[in-house]
Protein chains: 2
Amino acid sequence: MKPYTHPAASEMTLPGVMQALSDPCRIEIVRALLNGGELACNEVELKVSKATKSHHFAVLRDAGLVLTRSEGTRCMTSVRREEIDRRFPGLLDLVLMEKPKRTRRKAG
Amino acid sequence: MKPYTHPAASEMTLPGVMQALSDPCRIEIVRALLNGGELACNEVELKVSKATKSHHFAVLRDAGLVLTRSEGTRCMTSVRREEIDRRFPGLLDLVLMEKPKRTRRKAG
DNA sequence: ATAATAATTCGACGATTGTCGAACAAAGGA
DNA sequence: TCCTTTGTTCGACAATCGTCGAATTATTAT
């Protein structure tokens, strides 16, 4: 019913997207969306309450990074990949970067 | 005299650098350093007090983005370009991105 | 109509942040 | 030695942030 407002791609700012991606939870969300395509908030596992999760989705939405559409009782969210790639090339690659897992190999 | 501590390159985190770059002042600082090489805090013009400017340099330093060395009464600061490029490829290109200046052209 | 599901909104809270002026410290030059 | 320059540190302050539980809305299923 309430139709989620999204900023135009041109409204995205560098400090804005940096800010949005400065929280580990939100990086995790974007990473999940990049890997999983369109997901409901429900389908992104986080160790925070649902209120907090909803907040993080809203922050990403307001920054212009994700697009949310209502479908039934769920909110399907996806990364605005093309627009981000056009405006901030390489940004999403950074998000996808593997965390430095300290594997137990002798030489890497 | 007091010898500025810097984190190892491996201590840099994605949320950490994003956080550090989420402030327009700090983006401006990094941009100036990328264009101007090694600069004293003094040589980066910002419309904030010197206390605040010192704070912003410290935040960038703690995030691992810049390296500061004492020279006389000045503190010469430079971007840790190679380490950042190795760990977060493309990050500095984002910082260098031109702000969307709305020029008055008819077609761009 | 009732219940269940999914998500948002509303305070509230402690923590962090950006900002400043004032005080301080270190180095260099008069 | 004293003064200037450069930068840091120290409260302090308002603003923002991340977090939560509880209440609310909206949709679907029974």
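We name chains A, B, ... by the order of the sequence lines, and we start the count at 1 in each one.
- Side-chain contact between A:His6 and A:Arg80: present, with at least one pair of heavy atoms (C-beta onward) separated by less than 4.5 Å.
- Taking atom CG of B:Leu46 as the reference point, atom C1' of C:dT19 lies 13 Å away to the nearest angstrom.
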Nucleotide N/O to protein N/O under 3.5 Å, stretch nucleotides 19-22 of chain D:
| residue | atom | partner | partner atom | Å |
| --- | --- | --- | --- | --- |
| D:dT19 | OP2 | A:His56 | NE2 | 2.5 |
| D:dC20 | OP2 | A:Ser49 | N | 2.7 |
| D:dC20 | OP2 | A:Ser49 | OG | 3.4 |
| D:dC20 | OP2 | A:Thr52 | OG1 | 3.0 |

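- Scanning both residues, B:Glu38 and B:Glu43, for their nearest heavy atoms gives O-OE1, 4.5 Å.
- Rotation axes derived from the C1' atoms of the five outermost pairs at either end of the helix from C:dA1-D:dT30 to C:dA30-D:dT1 lie 10° apart, to the nearest 10°.
- At a threshold of 4.5 Å between non-hydrogen side-chain atoms, the residues A:Thr77 and A:Val44 do not count as touching.
- As a whole-Å value, the separation of B:Leu21 CG from C:dG18 P is 12 Å.
- When each of D:dT8, C:dA7, C:dG18 is scored by its nearest atom to the side-chain atoms of B:Arg26, the top-ranked nucleotide is C:dG18.
- Taking only side-chain nitrogens and oxygens, B:Ser54 comes nearer than 4.0 Å to OP1 or OP2 of D:dT8.
- Counting to the nearest Å, the C1' atom of C:dT17 and the CE atom of A:Met18 are 18 Å from each other.
- Look at CD on B:Glu71: it is 18 Å from C1' on D:dT8, rounded to the nearest Å.
- Between B:Met76 atom CE and D:dT8 atom P the separation is 13 Å, expressed in whole Å.
- B:Glu28 has its CD atom 16 Å from the P atom of C:dG18, to the nearest Å.
- Between B:Arg74 and the phosphate of D:dT4, there is no side-chain N or O to OP1/OP2 separation shorter than 4.0 Å.
- For B:Gln19, whose side chain is taken as the heavy atoms from C-beta onward, the closest listed nucleotide among C:dT17, D:dT8, C:dA6 is C:dT17.
- Between A:Tyr4 and C:dA7, a side-chain N or O to OP1/OP2 separation shorter than 4.0 Å is absent.
- The shortest side-chain heavy-atom distance between B:Asn35 and B:Leu96 falls under the 4.5 Å cut-off.
- In terms of heavy atoms, A:Leu14 sits closest to B:Leu94 at CD2-O, 3.4 Å.
- No side-chain heavy atom of B:Ile27 sits under 4.5 Å from any side-chain heavy atom of B:Met97.
- The minimum heavy-atom distance between B:Phe88 and B:Met12, with the atom names listed, is CE1-CB, 3.7 Å.
- Rounded to an integer number of Å, the gap from CG of A:Asn42 to P of C:dA4 is 17 Å.
- Exactly one of B:Pro24, B:Cys41, B:Cys25 qualifies for a side chain to side chain contact (heavy atoms under 4.5 Å, CB included) with B:Leu46. That residue is B:Cys25.
- Contacts of B:Arg61 with the nucleic acid, taken as non-hydrogen atoms under 4.0 Å apart, involve only primed sugar atoms and P, OP1 or OP2.
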Only distances under 3.5 Å count here; give the side-chain donor-acceptor pairs of residues 55-67 of chain A to other protein atoms, sequence neighbours excluded, each with its distance to 0.1 Å.
| residue | atom | partner | partner atom | Å |
| --- | --- | --- | --- | --- |
| A:His56 | ND1 | A:Arg26 | NH1 | 3.1 |
| A:Arg61 | NH1 | A:Thr68 | OG1 | 3.2 |

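- Among the nucleotides C:dA7, D:dG7, D:dA26, the one closest to any side-chain atom of A:Cys75 is C:dA7.
- Rounded to whole Å, atom C1' of D:dG7 lies 13 Å from atom CD of B:Glu43.
- Side-chain contact between B:Asp23 and A:Gln19: absent, with no pair of heavy atoms (C-beta onward) separated by less than 4.5 Å.
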